[in-house]
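Predicted model, so just to flag it, every value in this text is computed and none were measured. Note: hydrogens, waters and symmetry copies are ignored here, and every other heavy atom, side chains too, is used. We're numbering straight along the sequence, starting at 1.
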Amino acid sequence: MQRLLTLAVVMLLSVTGCSFGIADQELPAAPKAAIPSAQAERHQTTAKSITLTLKKTYKGFQAPTGLAIDQSGNLYVSNWSGGSVTKVDAAGNYSTFAGGMGSPAGLAFDYAGNLYAADYAQDVIYKITPAGEKSSFAQGLHTPAGIAFTHAGDLLVSNRSSNEIVKITPAGKIESVAKGMRTPVGVAEDPDGNLYVTNYGGGIIKVTPEGAISTLSTQFGRPGVGIDSSRQYGIFAADNGDGCVRRLAPDGSTKIVADNIGGCVALLVHEDTLYAGGWNEGAVYVYSIH
């Protein structure tokens with residue numbers, strides 16, 4: 001009964017944005033260190049100034065929470081309150097790609113073209129083939145929200161209610177990667193193997209390949225599910241509390257690069273394009289990065 005009441009509250013609060021969790025205690029701040037010469041080029045690249053220009057807007061979604069793009073350039077959007085995943089092709093045509101889910105959140109494609117969807121309400125990760133055949137990939141999770149594949153092919157999952165990040169091997173084995181988060185709802189891996197976690201309770205957490213955990217940034221109203229890291233553009237994260245997308249500098253400072261996205265939750269960077277999903281208008285905004 002408590003679980004049902006919690007989900008009911010989430011749906012009632014959707015008009016103001018994604019309501020995933022509660023505040024928690026602070027983690028230690030990341031220590032300041034000199035940037036090794038081998039990483040200097042990456043640091044300079046992520047520090048470059050960029051501009052985002054709105055190209056188009058897709059509307060009609062039901063609390064869009066996760067975004068993914070397949071090898072053909074089709075966009076996939078999880079409808080949190082609709083229990084489905086919508087496919088949007090290059091021409092802008094909509095179709096239901098998969099249904100019958102509780103509250104689908106994060107989405108991610110594997111190298112074989114299968115789509116994975118985290119079902120927050122049912123504590124399961126679904127695997128959906130290119131033909132739309134859905135099956136259970138992993139069960140027994142704890143309100144899984146954002147997901148992302150590592151470069152090694154393991155699936156990272158932010159377990160919100162157990163305050164941890166886990167990874168799932170291709171064989172379906174679940175292993176804990178980092179604990180002691182603050183209601184984690186999003187996760188991404190950078191090219192060097194560091195993990196970045198959006199904590200709905202506040203801030204962005206960094207986890208090194210060696211397992212060291214530190215707070216990278218607290219300059220967020222309330223981080224959302226969407227976070228993306230690339231060598232070319234660095235780290236972008238959805239700020240649900242402030243209704244915007246922020247870009248993080250290596251020192252943890254942030255700059256708002258896209259604003260006025262009510263209930264900003266979802267985020268994806270693909271090539272030179274950034275996609276952001278907002279709950280308030282059930283829309284996905286598409287920006288060119290230049």
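Judged by distance alone, with hydrogens and angles left aside, the side-chain atoms of Ser158 form a donor-acceptor pair with the main-chain N or O of Gly146 at under 3.5 Å. Judged purely by atom type and a 3.5 angstrom limit, Asp70 uses its side chain to pair as donor or acceptor with the backbone of Gly73. Of the possible polar contacts, none joining the Thr218 side chain to the Gly203 backbone as a donor-acceptor pair under 3.5 Å is found. Ser217 places a side-chain N or O within donor-acceptor distance of the main-chain N or O of Gly252, the cut-off being under 3.5 Å. In this structure a side-chain-to-backbone donor-acceptor pair under 3.5 Å is present from Thr150 to Ala152. Under the 3.5 Å distance criterion, the side-chain polar atoms of Glu133 are left unmatched by any main-chain donor or acceptor of Ile128. When atom types are taken as modelled, the side chain of Thr86 and the backbone of Ser95 share no donor-acceptor pair closer than 3.5 angstrom. A donor-acceptor contact shorter than 3.5 Å links the side chain of Asn79 to the backbone of Gln62.
Across all their heavy atoms, Val124 and Gln139 have their closest contact at CG2-CG, 3.8 Å. Scanning both residues, Ala105 and Ala145, for their nearest heavy atoms gives CB-O, 3.7 Å. Residues Ala266 and Gly66 share a closest heavy-atom pair of CB-N, 4.0 Å. Considering every non-hydrogen atom in both Ala148 and Val187, the closest pair reads CB-O, 3.5 Å. The minimum heavy-atom distance linking Pro170 with Gly153 is given by the pair CG-O, 3.8 Å. Pairing each heavy atom of Thr57 with each of Ala283, the nearest pair is CG2-CB, 4.0 Å.
No donor-acceptor contact under 3.5 angstrom links the side chains of Ser103 and Asp119, judged on distance only. Checked by atom type, the side-chain pair Ser176/Glu164 shows a donor-acceptor distance below 3.5 Å. Arg182 and Tyr200 share no side-chain donor-acceptor pair at under 3.5 Å. Trp279 and Thr65 share a donor-acceptor pair across their side chains, judged by distance under 3.5 Å alone.
Not counting sequence neighbours, the partners of His290 by the side-chain contact (heavy atoms from CB on, under 4.5 Å) test are Thr51, Thr53, Ser288. Here Thr208 pairs with Glu210 under the side-chain hydrogen bond (donor to acceptor under 3.5 Å, both in side chains) rule; sequence neighbours left out. By the side-chain contact (heavy atoms from CB on, under 4.5 Å) test, Gln71 is found to be paired with no residue, residues two or more places apart in sequence or in another chain being considered. For Ser135, the side-chain contact (heavy atoms from CB on, under 4.5 Å) criterion is met by Lys127, not counting sequence neighbours. Scanning for side-chain contact (heavy atoms from CB on, under 4.5 Å) contacts around Ser229 gives Asp190, Pro191, Tyr196, Ile235, with sequence neighbours left out. Qualifying side-chain hydrogen bond (donor to acceptor under 3.5 Å, both in side chains) partners for Asn114, counting only residues two or more places apart in sequence or in other chains: Asp110. For Tyr58, there are no ring pair (Phe, Tyr, Trp, His ring centres under 6.0 Å) partners, not counting sequence neighbours. Residues passing the salt bridge (charged side-chain N to carboxylate O under 4.0 Å, His left out) test with Lys173 are Glu175, sequence neighbours excluded.
Under the 4.5 Å side-chain heavy-atom criterion for grouping Ile, Leu, Val, Met, Phe, Trp and Tyr, Leu52 is connected to Tyr285 within one hydrophobic cluster. There is no path of hydrophobic side-chain contacts, each under 4.5 Å, that joins Tyr287 to Val284. Ile69 and Phe109 are not part of a single hydrophobic cluster, where members link through side-chain heavy atoms under 4.5 Å apart. In terms of hydrophobic clustering, with Ile, Leu, Val, Met, Phe, Trp and Tyr side chains grouped at heavy-atom distances under 4.5 Å, Tyr94 and Leu75 are assigned to a common cluster. By the rule that hydrophobic residues join a cluster once side-chain heavy atoms approach within less than 4.5 Å of another member, Phe61 and Val85 end up as members of separate clusters.
Applying the salt bridge (charged side-chain N to carboxylate O under 4.0 Å, His left out) definition to pairs two or more places apart or across chains, those involving residues 134-159 are Asp154-Lys167. Listed by first and then second residue, the side-chain hydrogen bond (donor to acceptor under 3.5 Å, both in side chains) pairs involving residues 252-267 are Gln219-Thr254, Arg246-Thr254, Asp251-Ser253 (not counting sequence neighbours).
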Intermediate values then yes/no, side chain to side chain contact (heavy atoms under 4.5 Å, CB included), Val207 and Ile165:
CA-CA 10 Å; Val207 184; Ile165 302 299; 5.9 Å; no
Step-by-step side chain to side chain contact (heavy atoms under 4.5 Å, CB included) determination, Ile204 to Val197:
CA-CA 6 Å; Ile204 305 296; Val197 180; over 6 Å; no
For a side chain to side chain contact (heavy atoms under 4.5 Å, CB included) check, start with the C-alpha distance between Phe236 and Val257, then their side-chain angles and the critical distance, and finish with the verdict.
CA-CA 9 Å; Phe236 294 93; Val257 293; 4.0 Å; yes
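To the nearest 0.5 Å, the span separating OG on Ser162 from NE2 on His142 amounts to 5.0 Å. For the atom pair CD1 of Ile256 and CG of Asp239, the computed distance is 7.0 Å after rounding to the nearest 0.5 Å. In this structure, CD1 in Ile289 is found 9.5 Å from NZ in Lys55, a value given to the nearest 0.5 Å.
At least one side-chain heavy atom of Leu115 sits less than 4.5 Å from a side-chain heavy atom of Tyr76. Between Leu195 and Leu156, some side-chain heavy-atom pair lies under the 4.5 Å cut-off. No side-chain heavy atom of Asn93 sits less than 4.5 Å from a side-chain heavy atom of Val88. With contacts defined as side-chain heavy-atom distances shorter than 4.5 Å, the pair Arg231/Asp192 qualifies. The shortest side-chain heavy-atom distance between Met181 and Ile213 falls under the 4.5 Å cut-off. With a 4.5 Å cut-off on side-chain heavy atoms, Thr183 and Asn163 count as touching. Here the side chains of Asn199 and Pro223 are not in contact, with every heavy-atom distance at 4.5 Å or above. Side-chain contact between Val245 and Leu267 is present, with heavy atoms from C-beta onward closer than 4.5 Å.
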Ignoring hydrogens and angles, write down the donor-acceptor pairs under 3.5 Å from the side chains of residues 268-278, residues two or more places apart or on other chains.
unit_1: Asp272; atom_1: OD1; unit_2: Tyr233; atom_2: OH; d: 2.6

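Chaining together hydrophobic side chains whose heavy atoms lie under 4.5 Å apart places Ile174 alongside Tyr116, Ile125, Phe137, Leu141, Ile147, Phe149, Leu155, Val157, Val166, Ile168.
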